[in-house]
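The structure displayed is predicted, hence computed values, not measured ones. The chain is numbered in sequence order, starting from 1. Whatever order the structure lists ligands and atoms in, that order sets their numbers, starting from 1.
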Amino acid sequence: MHNTNVHIGADVFQDFVNVYKLESYSSIFVLTDTNTSKYCLPIFKTHFTKDFFEISINAGEEFKTLKTCEYIWEQLINNKADRNSLLICLGGGMVTDIGAFCASVYMRGIDFCLFPTTLLSMTDASVGGKTGVDFLHFKNIIGTFSAPIATLVNAEFLKTLPNNQIKSGFAEMIKHALIYSENHWDEIKKTDLNNTDLEKLLVKSVAIKQEIVTKDPKEKGLRKTLNFGHTVGHAIESCFLKTNNPILHGEAVALGILAECFIANEICILFDDDFEEIITFLKSIYTIPTFSNFEEIADLCLADKKNNNGIILMSLIEAPGNAIFGIEIEKQLIIKSLEFLNSIK
Ligand SMILES: NC(=O)c1ccc[n+]([C@@H]2O[C@H](COP(=O)([O-])OP(=O)(O)OC[C@H]3O[C@@H](n4cnc5c(N)ncnc54)[C@H](O)[C@@H]3O)[C@@H](O)[C@H]2O)c1
């Protein structure tokens, strides 16, 4: 289900043309959104000289819907895509999720590949074979597990990505380090986001995600550790989505990591020194808002789809590089973790 053909670096376009027999496809389609059409397609075109048909959709999570899928399928049909066509998804996680989903069910599945253009999609969304769209206000509720023929990561695309989107993606890189690799954490914590070539860090971060999803493709065990930071993080994200001031997914994950490290420290599985180091680093990058809706956020944690029988089950860390999953957490401890976030602003 999960494909390991992830290429990273400046040569990905050459790799793509040389390794994958593109001439054998009857036609090639490139899916973009309004921003990646403007900022990323020109770069793509300078390296990729074969004929293709562009399908462009509106940018933004609110368009990750079945209605947009219908538009993509219509474009494929109207332009005579057949079983032997290839769909290239050029964009962030929204484009790679919806494009991969559309390809995985069009004519019972056509080949697709991913060119992620945000840090979040490079390090997370385009690795692991999960595709999907949102439906009836449920995120990613309709989807498939389906592997691209290749994922091609080129950091050149990041040059036009706004700074808040870079920080958002970086939260997932921090998470990968904290759950799986102390060495990677040592590198990550030295990073100055304004002055770092992210490619080297991306190589390691992607390798961690790949290793985890290869060992546990259907999230029966180890893959659950990737949910670290996401129980409280998702709840915070959902609360902010209802306001006029939504925060990005990775920004919410960073707050979730802070809250869940507090919880791990409270239940005496994470040492004070490690805890303080993590807090100091994250605080230097992310803004912590003031929380007043503790109950609402805690209730959202209770409704988390990863729970069992109404018991909150969390993935936590015992030390940088060492995660455990399925830890039962009381609602009261979530509230305490939010009080903690308010206290360290
Ligand atoms: N499949 C998975 O395993 C997985 C994992 C994590 C997240 N996701 C999904 O990923 C999505 C979030 O991904 P995202 O953060 O990349 O959001 P996104 O795709 O919405 O991109 C964020 C914004 O950046 C713009 N953009 C993209 N690349 C750009 C570039 N190079 N320069 C300038 N602007 C650019 C986009 O048009 C958009 O406005 C969510 O839908 C989430 O559910 C999926």
Side-chain angles (χ1 to χ4, degrees), residues 1-3 6 31-44 56-65 68-69 89-104 112 114-135 137-148 151-173 175-176 198 205-206 209-210 212-213 216-219 223-224 226-230 233-234 237-238 241 246-254 256 305:
M1 205 60 71
H2 164 63
N3 131 320
V6 182
L31 180 69
T32 58
D33 69 20
T34 32
N35 292 321
T36 62
S37 182
K38 184 171 166 192
Y39 298 115
C40 306
L41 196 62
I43 300 175
F44 181 83
S56 195
I57 58 177
N58 288 321
E61 185 72 22
E62 65 273 32
F63 294 103
K64 208 175 102 176
T65 58
T68 307
C69 291
C89 306
L90 178 68
M94 183 271 186
V95 167
T96 55
D97 270 14
I98 197 170
F101 172 65
C102 285
S104 75
F112 64 94
L114 308 177
F115 276 85
T117 61
T118 62
L119 191 57
L120 188 121
S121 59
M122 289 178 184
T123 191
D124 196 12
S126 67
V127 183
K130 285 185 181 176
T131 83
V133 292
D134 308 332
F135 185 58
H137 305 294
F138 293 100
K139 252 185 84 100
N140 301 324
I141 192 98
I142 309 287
T144 55
F145 275 102
S146 194
T151 296
L152 302 119
V153 178
N154 185 342
E156 193 184 345
F157 289 124
L158 297 176
K159 286 184 186 149
T160 54
L161 195 67
N163 196 31
N164 61 343
Q165 295 284 354
I166 295 277
K167 282 187 188 181
S168 175
F170 193 58
E172 297 287 0
M173 297 172 86
K175 179 196 76 182
H176 287 163
L198 289 167
S205 190
V206 169
K209 170 113 194 228
Q210 267 193 293
I212 293 174
V213 299
D216 178 18
K218 288 286 179 82
E219 204 165 315
R223 191 168 181 165
K224 291 178 201 275
L226 288 166
N227 295 324
F228 173 57
H230 282 64
H234 268 153
E237 188 181 7
S238 302
L241 271 179
I247 58 175
L248 296 176
H249 174 72
E251 292 171 331
V253 168
K305 64 182 174 208

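- In this structure, K218 satisfies the cation-pi test against F145, with its NZ or CZ atom closer than 6.0 Å to the six-membered ring centre and inside 45 degrees of the ring normal.
- For K139 and E61, the salt-bridge test passes: some basic side-chain N is under 4.0 Å from an acidic carboxylate O.
- Geometrically, ligand 1 and Y39 share no nitrogen or oxygen pair separated by less than 3.5 Å.
- Closest protein heavy atom to atom 17 (O) of ligand 1: G93 N, 4.1 Å.
- With respect to atom 15 (O) of ligand 1, the closest heavy atom belonging to the protein is L120 CD2, 3.6 Å.
- At under 3.5 Å, not a single nitrogen or oxygen of L158, backbone or side chain, sits near a nitrogen or oxygen of ligand 1.
- In terms of polar-atom proximity, defined here as any N/O pair under 3.5 Å, F157 does make such a contact with ligand 1.
- Once rounded to the nearest 0.5 Å, the distance linking CD1 of I57 with CD1 of I98 reads 5.0 Å.
- For the pair E61 and ligand 1, the shortest N or O to N or O distance falls below 3.5 Å.
- Applying the 4.0 Å criterion to heavy atoms of K64 picks out, from ligand 1, the atoms 40 (C), 41 (O), 42 (C), 43 (O).
- Checking side-chain atoms of T34 against main-chain N and O of N58 turns up no donor-acceptor pair under 3.5 Å.
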Worksheet item: Does the side chain to side chain contact (heavy atoms under 4.5 Å, CB included) test come out yes or no for D33 and S56, once each step is laid out?
Response: CA-CA 5 Å; D33 69 20; S56 195; 5.5 Å; no
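- By the 3.5 Å distance cut-off applied to N or O atoms, T36 is not counted among the residues near ligand 1.
- Close contacts between ligand 1 and K130 involve ligand atoms 1 (N), 3 (O) [criterion: under 4.0 Å to a heavy atom].
- H249 and H234 have tilted rings, their planes meeting at an angle from 30° to 60° on a 0 to 90° scale.
- At a heavy-atom distance under 4.0 Å, no atom of T131 approaches ligand 1.
- With respect to atom 20 (O) of ligand 1, the closest heavy atom belonging to the protein is M94 CB, 3.7 Å.
- Side chain of D134 to main chain of N140: a donor-acceptor pair is present (N/O by atom type, distance under 3.5 Å, no hydrogens or angles).
- Of all the atoms in ligand 1, the ones that sit under 4.0 Å from a non-hydrogen atom of T118 are 14 (P), 16 (O), 21 (O), 27 (C), 28 (N).
- Of the polar atoms of C40, none of the N or O atoms is found under 3.5 Å from an N or O of ligand 1, judged by distance alone.
- In plain terms, the two heavy atoms of S126 and T151 that are nearest each other are O-OG1, 3.2 Å.
- Residue contact check: A59 has heavy atoms under 4.0 Å from atoms 37 (O) of ligand 1.
- In terms of protein heavy-atom proximity, atom 34 (N) of ligand 1 is nearest to L161 CD1, 3.9 Å.
- The shortest N or O to N or O distance between N35 and ligand 1 is below 3.5 Å.
- Numbered from 1 in the order shown, with element, the atoms of ligand 1 that lie under 4.0 Å from a heavy atom of T160 read 30 (C), 31 (N), 32 (N), 33 (C).
- For D97, a nitrogen or oxygen atom sits less than 3.5 Å from a nitrogen or oxygen atom of ligand 1, counting backbone and side chain alike.
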Discussion item. Evaluate M122 against F157 for side chain to side chain contact (heavy atoms under 4.5 Å, CB included), listing each step before the verdict.
Written reply: CA-CA 10 Å; M122 289 178 184; F157 289 124; 4.2 Å; yes
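- Heavy-atom contacts from other residues, nucleotides or ligands closer than 6.0 Å to CZ of F63 number more than 12.
- Here is the list of ligand 1 atoms found below 4.0 Å of a heavy atom in G92: 16 (O), 19 (O).
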Discussion item. Test side chain to side chain contact (heavy atoms under 4.5 Å, CB included) on L119 and I166; report intermediate values, then the result.
Written reply: CA-CA 6 Å; L119 191 57; I166 295 277; 4.2 Å; yes
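- The nearest protein atom to atom 6 (C) of ligand 1, hydrogens excluded, is given as D124 OD2, 3.5 Å; this is a heavy-atom distance.
- A distance-only check finds a donor-acceptor pair linking the side chain of D216 to the backbone of E219 [under 3.5 Å].
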Worksheet entry | side chain to side chain contact (heavy atoms under 4.5 Å, CB included) assessment of T144 paired with F101 | CA-CA 7 Å; T144 55; F101 172 65; 4.1 Å; yes
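- Those atoms of ligand 1 with a heavy atom of T117 less than 4.0 angstrom away are 27 (C), 28 (N), 29 (C), 30 (C), 31 (N).
- Among all protein heavy atoms, the one lying closest to atom 42 (C) of ligand 1 is K139 NZ, 3.7 Å.
- Remark: distances from the non-hydrogen atoms of Q165 to ligand 1 include one below 4.0 Å.
- Under a 4.0 Å criterion applied to the non-hydrogen atoms of D33, ligand 1 contributes the atoms 36 (C), 37 (O).
- Looking only at protein heavy atoms, the nearest one to atom 5 (C) of ligand 1 is A125 CA, 3.4 Å.
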